[in-house]
Amino acid sequence: MRATRGVTATLVLIVMGQQAVAADLAQAASVPQAGASVTEAPSPWQIRLRALGVVTEDSGYVNAVPGSDLSYSNTVTPELDISYFFTDNIATELILGTTYADIDGQGTIGGLGKIGKVWLLPPTLTLQYHFTDLGAFKPYVGAGVNYTIFYNQDGGSADALKVKNTFGTALQVGFDYMVDQHWGVNVDVKKLFLKPDFDVTVDGAKLTGKAALDPWLIGAGVTYRF
């Protein structure tokens with residue numbers, strides 16, 4: 001009988017000891033170890049600062065002037081964009097920047113030379129899909145809309161020039177390469193489909209036409225994810 005009681009007491013102590021060890025292990029697992037890194041969920045906000053090359057297509061015409069054509073200057077300008085991520089894959093991006101374009105006569109109106117100069121502000125909003133299974137390399141594609149505002153318009157050989165504000169569409173491809181959780185480098189290419197109408201007065205004659213700008217926006221710069 002005494003032996004039975006001793007064995008029973010020993011088993012009780014062993015079970016209680018196992019339960020205590022299990023509780024200690026569970027508590028230790030729930031507490032981060034010293035020196036262990038804790039990965040926070042990234043902010044949905046991201047900004048980029050790029051140097052942007054604006055490469056236009058040389059096309060257009062003046063109504064009622066057969067054989068008329070137009071060409072435009074290419075420029076480089078700083079550009080800021082702001083992105084918001086709805087999910088890891090889906091984001092929207094707004095680009096902000098301004099530049100100018102010289103408008104030159106070509107074809108049968110080549111003798112006019114520089115017709116005028118306009119500044120343009122082309123805010124563009126795109127919806128993007130980001131590929132997230134390639135580590136630090138994060139490519140994306142996008143499509144969206146553009147509204148271009150033309151301002152500070154000056155005539156050259158023309159007496160007056162007015163390029164009209166217009167909507168356009170945009171396609172986009174690019175990538176970020178993240179060097180850490182916040183900083184990265186970015187390369188981005190957009191194609192804008194932009195064909196504004198214009199009014200022009202030359203030697204007192206009032207004419208109209210269309211400027212088929214359709215620029216490529218080719219940018220490279222830095223990314224910061226908050």
Check: What are the two closest non-hydrogen atoms of Ile109 and Val62, and how far apart are they?
Finding: CD1-CG2, 3.8 Å
Margin query: Apply ring pair (Phe, Tyr, Trp, His ring centres under 6.0 Å) to residues Phe175 and Phe137 and explain how you reach the verdict.
Written below: CA-CA 7 Å; Phe175 69 86; Phe137 179 62; 5.2 Å; yes
Cut-off 3.5 Å, no hydrogens considered: what does the side-chain donor-acceptor table look like for residues 161-169, sequence neighbours left out?
from: Asn165; atom 1: OD1; to: Phe150; atom 2: N; distance (Å): 2.9

Next item on the list: Return the minimal non-hydrogen interatomic distance between Asp69 and Gly60, and the atom names on each side.
Entry: OD1-O, 3.2 Å
Notebook entry, point to check: Phe86: what forms a side chain to side chain contact (heavy atoms under 4.5 Å, CB included) with it, not counting sequence neighbours?
Noted result: Tyr84, Ile90, Thr92
Check: Side chains of Asn89 and Thr132: does their closest heavy-atom pair fall under 4.5 Å?
Finding: yes
Notebook entry, point to check: Just how far is it from atom OG1 of Thr56 to atom CH2 of Trp216, taken to the nearest 0.5 Å?
Noted result: 13.0 Å
Checklist line | Flag if over 12 foreign heavy atoms under 6.0 Å of OH, Tyr177 | finding: no
Next item on the list: First locate atom CG of Leu70, then atom CD of Gln106, and finally report the distance between them rounded to the nearest 0.5 Å.
Entry: 8.0 Å
Note to self: Tell me whether Tyr140 shares a hydrophobic cluster with Leu134, the cluster being built from Ile, Leu, Val, Met, Phe, Trp, Tyr side chains joined at under 4.5 Å.
What the structure shows: no
Check: What heavy-atom pair brings Ala91 and Leu127 nearest, and what distance separates the two atoms?
Finding: O-CD1, 3.5 Å
Notebook entry, point to check: Any chain of hydrophobic side-chain contacts (each under 4.5 Å) joining Trp119 to Val54?
Noted result: no
Next item on the list: Determine whether Val189 and Gln172 make a side-chain contact, defined as any pair of heavy atoms from C-beta on separated by less than 4.5 Å.
Entry: no
Check: Taking a hydrophobic cluster as the set of Ile, Leu, Val, Met, Phe, Trp and Tyr residues connected by side-chain heavy atoms closer than 4.5 Å, whether directly or through intermediates, do Leu207 and Leu112 fall within one such cluster?
Finding: yes
Next item on the list: Give a yes or no on whether Phe85 and Leu80 share a hydrophobic cluster (residues Ile, Leu, Val, Met, Phe, Trp, Tyr; joining criterion: side-chain heavy atoms under 4.5 Å apart).
Entry: no
Margin query: Closer than 3.5 angstrom, by distance alone: can the side chain of Thr77 be matched with the main-chain N or O of Thr98 as a donor-acceptor pair?
Written below: yes
Notebook entry, point to check: Between Leu194 and Tyr61, is there a shared hydrophobic cluster once you connect ILVMFWY residues whose side-chain heavy atoms come closer than 4.5 Å?
Noted result: no
Checklist line | Arg48 with Glu79: basic N within carboxylate O range, under 4.0 Å | finding: no
Note to self: Can you confirm whether Leu94 sits close enough to Asp81 that some side-chain heavy atom of one is under 4.5 Å from a side-chain heavy atom of the other?
What the structure shows: no
Item checked: Lys138/Asp176 ion pair, N-O < 4.0 Å -> no
Margin query: Nearest 0.5 angstrom please: Thr148 OG1 to Leu192 CG, how far?
Written below: 6.5 Å
Next item on the list: Could you tell me whether a side-chain N or O of Lys117 sits under 3.5 Å from a main-chain N or O of Gln153, the two making a donor and an acceptor?
Entry: no
Note to self: For the NE2 atom of His130 and the OG atom of Ser83, what is their distance to the nearest 0.5 Å?
What the structure shows: 6.0 Å
Item checked: Asp58 side chain reached by Tyr72 side chain, heavy atoms, under 4.5 Å -> yes
Check: From Thr126 OG1 over to Ile95 CD1, what is the distance, rounded to the nearest 0.5 angstrom?
Finding: 7.5 Å
Next item on the list: Measure the shortest side-chain to side-chain distance between Trp45 and Arg225 over non-hydrogen atoms and say whether it is less than 4.5 angstrom.
Entry: no
Note to self: Minimum heavy-atom separation for Leu121 and Gly97, please, with both atom names.
What the structure shows: CD1-O, 3.1 Å
Item checked: Under the side chain to side chain contact (heavy atoms under 4.5 Å, CB included) test, residues paired with Asp203 that sit two or more places apart -> none
Next item on the list: Compare all side-chain heavy atoms of Thr108 with those of Val65 and state whether any distance is below 4.5 angstrom.
Entry: yes
Margin query: What's the separation between atom CZ in Phe193 and atom CD in Glu57, rounded to the nearest 0.5 Å?
Written below: 8.5 Å
Margin query: Any heavy-atom pair between the side chains of Val141 and Gln128 that's under 4.5 Å?
Written below: no
Item checked: Pair Thr124-Asn146, side chain to side chain donor-acceptor pair (under 3.5 Å): steps then yes or no -> CA-CA 4 Å; Thr124 302; Asn146 160 270; 2.9 Å; yes
Notebook entry, point to check: So, Asp188 and Arg50, do they make that salt bridge, N to O below 4.0 Å?
Noted result: yes
Next item on the list: May I ask you to check whether Asn186 and Tyr224 show a side-chain donor-acceptor distance below 3.5 Å?
Entry: no
Next item on the list: Please assess Asp104 against Lys114 for the test salt bridge (Lys or Arg N to Asp or Glu O under 4.0 Å), listing each intermediate value before the final yes or no.
Entry: CA-CA 4 Å; Asp104 298 317; Lys114 179 180 175 181; over 6 Å; no
Check: So, do Lys190 and Glu93 sit near enough that their side-chain heavy atoms are less than 4.5 Å apart?
Finding: yes
Note to self: One pair to check against side chain to side chain donor-acceptor pair (under 3.5 Å): Thr208 and Asp199. What are the steps and the verdict?
What the structure shows: CA-CA 4 Å; Thr208 62; Asp199 298 329; 5.5 Å; no
Margin query: On a heavy-atom basis, which atom in Leu120 and which in Pro122 lie closest, and how many Å separate them?
Written below: O-CD, 3.7 Å
